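Take a look at the structure set out below.
Heavy atoms only: backbone and side chains are in, while hydrogens, waters and symmetry mates are out. Model, not experiment: these values are computed from the prediction. In this chain, numbering begins with 1 at the start of the sequence shown.
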Amino acid sequence: MATDQLLDWIIELQSIAQAGLTYGKDIYDRERYQRLREIAAEMMAQKSGLSLEQVPGLFCNDSGYQTPKLDTRAAIFKDDKILLVHENDGSWSLPGGWVEIDLSLKENTLKEIKEETGLDASAERIIALHDRNKHNLPKYAYGVCKVFVLCQARGGSFSKNIETLNFKNKLATGLK
């Protein structure tokens with residue numbers, strides 16, 4: 001996958017600025033780190049086409065040491081097929097989403113399955129850990145680690161929800 005060196009530099013500048021704002025003690029250095037963060041936001045706005053007002057909330061909203069966000073995805077197989085959900089945007093994906101602060105990875109995975117498919121399931125084991133920006137486009141301005149969990153459907157049926165249109169099983173061999 002091709003990299004966007006300018007985007008990589010913008011992300012790194014923002015990360016350095018955030019670490020400096022977190023750990024810097026000298027008021028003059030903190031002022032410099034704040035300006036560095038503002039420059040990174042200005043560059044991101046220019047690069048992304050977002051307004052300068054939108055960028056800080058999306059790109060410079062963390063505090064503390066910057067770490068990747070955590071996303072969980074459930075892999076549910078049946079008869080050599082894998083369960084996919086039809087997202088509201090028209091795409092298909094494994095059921096899952098952002099890990100919530102007050103839930104374990106297992107609890108969150110099971111919650112996402114229930115919300116997106118209506119199915120009750122059990123989480124068996126982690127089968128993969130994926131650095132999103134190394135394998136997907138578009139590249140996000142922040143890191144995302146995707147945790148894939150092998151799950152077993154135990155019952156239930158699809159119920160209308162705000163995240164997905166429906167779900168179906170697709171041949172696992174047909175996935176790319």
Flag yes if [X] and [Y] sit in one hydrophobic cluster, no otherwise; membership is Ile, Leu, Val, Met, Phe, Trp, Tyr, and two members link when side-chain heavy atoms are under 4.5 Å apart.
X: Val149; Y: Leu129; value: yes
X: Leu84; Y: Ile127; value: yes
X: Ile16; Y: Ile39; value: yes
X: Leu94; Y: Ile126; value: no

Under the rule for side-chain contact (heavy atoms from CB on, under 4.5 Å), what residues qualify as partners of Leu13, not counting sequence neighbours?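 Checked Leu13 against side-chain contact (heavy atoms from CB on, under 4.5 Å); matches are Leu36, Ala40, Met43.
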
Qualifying residues under side chain to side chain donor-acceptor pair (under 3.5 Å), relative to Asp29, sequence neighbours excluded: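 Scan of Asp29 (side chain to side chain donor-acceptor pair (under 3.5 Å), adjacent residues dropped) gives Arg32.
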
Please identify each residue that fulfils side chain to side chain donor-acceptor pair (under 3.5 Å) with Glu42, with sequence neighbours left out.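 Arg35.
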
Check for a donor-acceptor pair, side chain of [X] on one end and backbone N or O of [Y] on the other, with a separation under 3.5 Å.
X: Ser48; Y: Met44; answer: yes
X: Glu116; Y: Ile113; answer: no
X: Asp79; Y: Lys81; answer: no

Under the side-chain contact (heavy atoms from CB on, under 4.5 Å) rule, what do Asn133 and Asp131 come out as? Steps first, then yes or no, please. CA-CA 6 Å; Asn133 280 345; Asp131 181 336; 4.0 Å; yes

Phe148: ring-ring contact (aromatic ring centres under 6.0 Å, His included) partners, not counting sequence neighbours: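 Counting only residues at least two positions away or on another chain, Phe148 forms a ring-ring contact (aromatic ring centres under 6.0 Å, His included) with His130.
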
Taking every non-hydrogen atom, the tightest pair across Ala74 and Thr109: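 Residues Ala74 and Thr109, closest heavy atoms: CB-CG2, 3.9 Å.
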
What are the two closest heavy atoms between Pro95 and Thr117, and how far apart are they?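 Residues Pro95 and Thr117, closest heavy atoms: CG-CG2, 4.2 Å.
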
Answer whether the closest heavy-atom distance between the side chains of [X] and [Y] falls below 4.5 Å.
X: Arg73; Y: Ser93; value: yes
X: Leu6; Y: Ile10; value: yes
X: Asp71; Y: Val147; value: no
X: Leu119; Y: Leu83; value: yes
X: Val144; Y: Pro68; value: no

Distance from Gln34 atom CD to Ile27 atom CD1, nearest 0.5 Å?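 Output value for this atom pair is 14.0 Å.
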
Rounded distance (nearest 0.5 Å) linking atom CG of Asn108 with atom CG of Leu110: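 The CG atom of Leu110 is 9.0 Å from CG of Asn108, to the nearest 0.5 Å.
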
Review item, side-chain donor-acceptor pairs of residues 17-24, under 3.5 Å, at least two apart:
from: Gln18; atom 1: OE1; to: Arg37; atom 2: NH2; distance (Å): 3.1
from: Gln18; atom 1: NE2; to: Gly64; atom 2: O; distance (Å): 2.7
from: Thr22; atom 1: OG1; to: Gln18; atom 2: O; distance (Å): 2.9
from: Thr22; atom 1: OG1; to: Gly64; atom 2: N; distance (Å): 3.2
from: Thr22; atom 1: OG1; to: Gly64; atom 2: O; distance (Å): 3.3

What do the steps show when you test Ser122 against Gln152 for side-chain hydrogen bond (donor to acceptor under 3.5 Å, both in side chains), and what is the final call? CA-CA 5 Å; Ser122 62; Gln152 295 294 322; over 6 Å; no

Taking Asp120 first and then Lys114, would you say they form a salt bridge - that is, a charged N and a carboxylate O separated by under 4.0 Å?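 Salt bridge flag = yes for Lys114 with Asp120.
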
Report the C-alpha separation of Asp26 and Arg30 in whole Å, then their side-chain angles, then the decisive distance to 0.1 Å, and conclude whether the side-chain contact (heavy atoms from CB on, under 4.5 Å) test is met. CA-CA 6 Å; Asp26 182 86; Arg30 291 183 54 76; over 6 Å; no

Sequence neighbours excluded, every pair satisfying salt bridge (Lys or Arg N to Asp or Glu O under 4.0 Å) that has a member inside residues 92-109: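 Every pair satisfying salt bridge (Lys or Arg N to Asp or Glu O under 4.0 Å) with a residue in residues 92-109: Glu100-Lys111.
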
Among side-chain atoms of Gln54 and Ser51, is any donor-acceptor pair under 3.5 angstrom?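 Checked: Gln54/Ser51 side chains pair up, N/O donor to acceptor below 3.5 Å.
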
Go through Glu87 and Trp92 one step at a time and tell me if the side-chain contact (heavy atoms from CB on, under 4.5 Å) criterion holds. CA-CA 6 Å; Glu87 303 281 356; Trp92 289 89; over 6 Å; no

List the steps and the verdict of side-chain contact (heavy atoms from CB on, under 4.5 Å) for Val99 and Leu105. CA-CA 7 Å; Val99 175; Leu105 183 67; 3.9 Å; yes

Within a reach of under 6.0 Å around CD of Glu31, are more than 12 heavy atoms found that belong to other residues, nucleotides or ligands?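 Counting other residues, nucleotides and ligands, CD of Glu31 stays at 12 neighbours or fewer.
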
